[in-house]
Amino acid sequence: MSGRHSVPNKNYQQKIIRPQYQFMPHNAQPGLSQLLKAARSIRAYVAPYLRADNGFIVLMCLLLVGITVANTAMIWFVGSAVNHLTNSLFAQLTITLAWLAIIVVLNQAMQFAYFYLFQWVYLRFVARIRKATLLHIMHLSYPITDRFKKGDMMARITSDIDRLLTFILDVPLNFLSHILVLIFYISMLFWIDWKLAVIALCLSPVFYLSQHLLAPRKGRAARHYYQRNGELMSFEEQALGNLRGISSFTVENKVSEKHHALFDIARHWALKMRAIDILYDRVFSVLIYLAGVFIVYMGIEDIEAGRLVVGTLVSFIVYLGYLSVPVRGIAQIPIQLQGDVSAAQRVIELLEAQSGVIQDTAAAELKAKQGAITVDNLHFAYQGHEKVIFDGISENIEAGECVALVGPSGSGKSTLANLLLRFYDPQQGEIRLDGVNIKSVTLNSLRNNIAIVWQEPFFINDTIRENLRLAKADASEQQMIDACKASFAWDYIEKLEHGLDSLIGAQGLSLSVGQFQRLAIAQAFLRDAPILVLDEASSALDSQSEQMIVEALSKLRKNRTTLIIAHRYSSIRSADRVLYFNGDGTLTSGTHEELLKSHPEYQQAVEWQTGAAKEK
Ligand SMILES: Nc1ncnc2c1ncn2[C@@H]1O[C@H](COP(=O)(O)OP(=O)(O)OP(=O)(O)O)[C@@H](O)[C@H]1O
Ligand SMILES: [Mg+2]
């Protein structure tokens, strides 16, 4: 389960080698030692993304030492100032104040440098790991959405990644800072008055116990919260992606109710998590105040006996008061880890997700010339699903042939396209292109030999030009224009104020379904691959748009092997041959006329289609 094995594609290689990671079970109630072990493995796992900045981290550690020395000195000088003041030693007081001023400025400068470096290192780390995660997801592209919902993935690569801060900087550096403060301040306490110091330290187990009782509850609440929050984000993502559907079904209120219900659960756990935090803080503060009052009370005796001067008692109490910071900080580490181990594991789960499709190490570049497709004894079922999609189908599609894939919904037409592009691998059998098994070639070269026009084409929020370049990175101006003319997309692009440089997508023009499809066909022209797969849009288009698309596609198919997942009668008619998906894992092949005669279900399907066409 390491990044090293998950290279599905020769062009995609993890530059950063990560160690193995052993997942802690989701519902475990880990003890402190397990938590620390998990934290160490998480740190080791993500440390490679931090390595480039190790020098800065050493610098930050040195700054922490400097800051602690400065703080210790400041408190000491405040005590001396009080002593000089009470004894009216004004000359010494002036010198002490001058030192104090210098130390304050120095201290703040060091703190600025420390926090600036902290953010600098952290932001660079987040950028690297987010980049790695997205890259990994993209290379697993298709099947990963079977396992993770989009909203859930969003939560993992945004808020969950942020929580890795705990393991790489927050806990290690804060721990160092706390230990330094403990060493320096406790030394000062003993130096000032060792008896008072012993009394103060005897109180410390109380603080530890107070956190020990609350930590497991906070951890449980945090785990529930992050899980529920992921579900909530998935739901929101889905709703935002389906606004049109929601409005047309007028189910706004129903969706909102479901949203509210999900939110309620997430809110319940968020509140619980925060409430434990707040309660913990308050309990801690009460204990600290009580301890302070007790120490002052004990100190009065020493002052009366002349063993302690007022200013030094002030220093003592300030040192003691500030000791609450590291004690509280260290006590909170397990609580913080509890919540963040699960968030970190959710990120690692994504980084470790394996594609079912692995590129052979000896994979060659595919150079399909003719584009003949052979399907040989193909058996396929989606992993974890019982339904057999293909039960040993075999088929020869000759170079240049145009085959219509027809069949009831759910019979496996899109699945065949998925297998051809190797989004999945069959359990048995193989697919060959020009006699070469597609498993023996690189994924990139395989996919570069196939142009696909999806039902819902893929576009980015950029100019038309950049979208065309997705299909052919080095396309010239003339090639782009020719492709757009051939696909009839030029008809509308020509009229746009900025032509090819017009923005489309979220911040740009909103094109109609038909316009998008023509642009997708232009992309396919530019791709100029020997094999063409068209997943025809089943959505209705106006007749002029449809006519243009039909004509563009008939031009596009020339001299290519074409598979049309056909929803239109005209496409079925114009194909050389029909493959009918029977829906039971088998196919029936024949020309349109043959199937009309011999296959009652096909006949029925066509009747329905033509009937529907006539009604239109
Ligand atoms: N990623 C997946 N995981 C599990 N099952 C899937 C997945 N994708 C599709 N299926 C199932 O496999 C079967 C075949 O689906 P496919 O999308 O290939 O059908 P289709 O013939 O293209 O249907 P349509 O005409 O509706 O597009 C369906 O029962 C579908 O529910
Ligand atoms: Mg389909």
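- In this structure, D360 does not pair ionically with K439, as no charged nitrogen and carboxylate oxygen lie closer than 4.0 Å.
- Under a 3.5 Å cut-off, the side chain of T250 and the backbone N or O of I246 do not form any donor-acceptor pair.
- Evaluation of the side chain to side chain donor-acceptor pair (under 3.5 Å) test over residues 78-87, restricted to residues two or more places apart or in two chains, returns N83-T312, H84-T96.
- Contact of the N467 side chain with the I460 side chain is registered, since non-hydrogen atoms from C-beta on lie closer than 4.5 Å.
- Rounding to the nearest 0.5 Å gives a distance of 14.0 Å between NZ of K149 and CE of M233.
- Considering CD of Q92 and CG of L97, their distance stands at 12.0 Å, rounded to 0.5 Å.
- Taking every heavy atom of both residues into account, H178 and P326 meet most closely at ND1-CA, 3.4 Å.
- Rounding to the nearest 0.5 Å places CE of M153 at 8.0 Å from NZ of K150.
- For the pair V126 and Y49, the minimum side-chain heavy-atom distance is 4.5 Å or more.
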* Full working for side chain to side chain contact (heavy atoms under 4.5 Å, CB included) between E236 and H259 -> CA-CA 8 Å; E236 286 169 343; H259 183 222; 2.8 Å; yes

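- For the atom pair CH2 of W194 and CZ of F190, the computed distance is 9.0 Å after rounding to the nearest 0.5 Å.
- In this structure, NE2 on H260 lies 11.0 Å from CG on L262, to the nearest 0.5 angstrom.
- Scanning all heavy atoms of the two residues, the minimum distance from S247 to E252 falls at CA-OE2, 3.5 Å.
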Output a table of donor-acceptor pairs, distance under 3.5 Å, between side-chain atoms of residues 160-170 and any protein atom two or more places apart or on a different chain; print 'none' if there are none.
residue : atom : partner : partner atom : Å
D160    : OD2  : R346    : NE           : 2.7
D160    : OD2  : R346    : NH2          : 3.0
D162    : OD1  : Y122    : OH           : 2.7
R163    : NE   : Y226    : OH           : 3.1
R163    : NE   : D340    : OD1          : 2.8
R163    : NH1  : Y226    : OH           : 2.2
R163    : NH2  : Y226    : OH           : 2.4
R163    : NH2  : D340    : OD1          : 2.4
T166    : OG1  : R163    : O            : 3.3
T166    : OG1  : D340    : OD2          : 2.3
D170    : OD2  : Q336    : NE2          : 3.2

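- With salt bridges taken as basic N to acidic carboxylate O contacts below 4.0 Å, none links K254 and E257.
- The number of heavy-atom neighbours closer than 6.0 Å to CD of E301, taken from other residues, nucleotides and ligands shown, is 12 or below.
- At least one side-chain heavy atom of F423 sits less than 4.5 Å from a side-chain heavy atom of R447.
- In this pair, W269 and H224 present their aromatic rings parallel. The plane angle is below 30°, not in the 30 to 60° band.
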* To do: Begin from the C-alpha positions of D53 and R124 and carry the test salt bridge (charged side-chain N to carboxylate O under 4.0 Å, His left out) through to its verdict.
  => CA-CA 9 Å; D53 291 331; R124 275 162 57 100; 2.8 Å; yes

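- Using a 4.5 Å heavy-atom threshold, the side chains of V296 and V293 count as separate.
- Closest non-hydrogen pair, R147 versus Q354, comes out as NH1-N, 4.0 Å.
- Using cut-offs of 30° and 60° on the angle between ring planes, the pair Y185 and Y322 is perpendicular.
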* **Test log, rule side chain to side chain contact (heavy atoms under 4.5 Å, CB included), inputs F316 and L308** => CA-CA 10 Å; F316 188 94; L308 198 61; 5.8 Å; no

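- T72 places no side-chain N or O within 3.5 Å of a backbone atom of F184 that could act as its donor or acceptor partner.
- Looking at heavy atoms from C-beta onward, Y21 lies out of side-chain contact with L351 at the 4.5 angstrom threshold.
- For the atom pair OG1 (T68) and CG (L182), the distance works out to 10.5 Å, reported to the nearest 0.5 Å.
- Counting all heavy atoms, side chain and backbone alike, M298 lies closest to L196 at CB-CD2, 3.5 Å.
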* Which is it for L443 and V357 under the side chain to side chain contact (heavy atoms under 4.5 Å, CB included) test, yes or no, and what are the steps along the way? -> CA-CA 9 Å; L443 285 169; V357 176; 4.0 Å; yes

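- In plain terms, the two heavy atoms of E349 and R156 that are nearest each other are OE1-NH1, 2.7 Å.
- The pair D264-R267 meets the salt-bridge criterion, since a charged nitrogen lies less than 4.0 angstrom from a carboxylate oxygen.
- No donor-acceptor distance shorter than 3.5 angstrom exists from the side chain of D152 to the backbone of F148, with no hydrogens or angles considered.
- Pairing each heavy atom of M60 with each of F118, the nearest pair is CE-CA, 3.4 Å.
- Side-chain contact between L503 and N461 is absent, with no heavy atoms from C-beta onward closer than 4.5 Å.
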* Y319 vs I186, side chain to side chain contact (heavy atoms under 4.5 Å, CB included): CA-CA, chis, key distance, verdict -> CA-CA 8 Å; Y319 282 129; I186 291 176; over 6 Å; no

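- Considering only heavy atoms from C-beta on, P172 comes within 4.5 Å of R43 through its side chain.
- Judged by distance alone, the side chains of Q383 and Y424 never bring a donor and an acceptor atom under 3.5 Å apart.
- Environment of CE in M74: crowded, with over 12 heavy atoms of neighbouring residues, nucleotides or ligands closer than 6.0 Å.
- Using a distance-only test at 3.5 Å, with no hydrogens or angles considered, no donor-acceptor pair links the side chain of S177 to the main chain of L173.
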Without placing hydrogens or testing angles, list every side-chain donor-acceptor pair under 3.5 Å for residues 98-108, not counting sequence neighbours.
residue : atom : partner : partner atom : Å
N107    : OD1  : Q111    : NE2          : 3.3
N107    : ND2  : N71     : OD1          : 2.8

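- Two residues are said to be in side-chain contact when any heavy atoms from C-beta on lie closer than 4.5 Å; Q359 and T442 meet this criterion.
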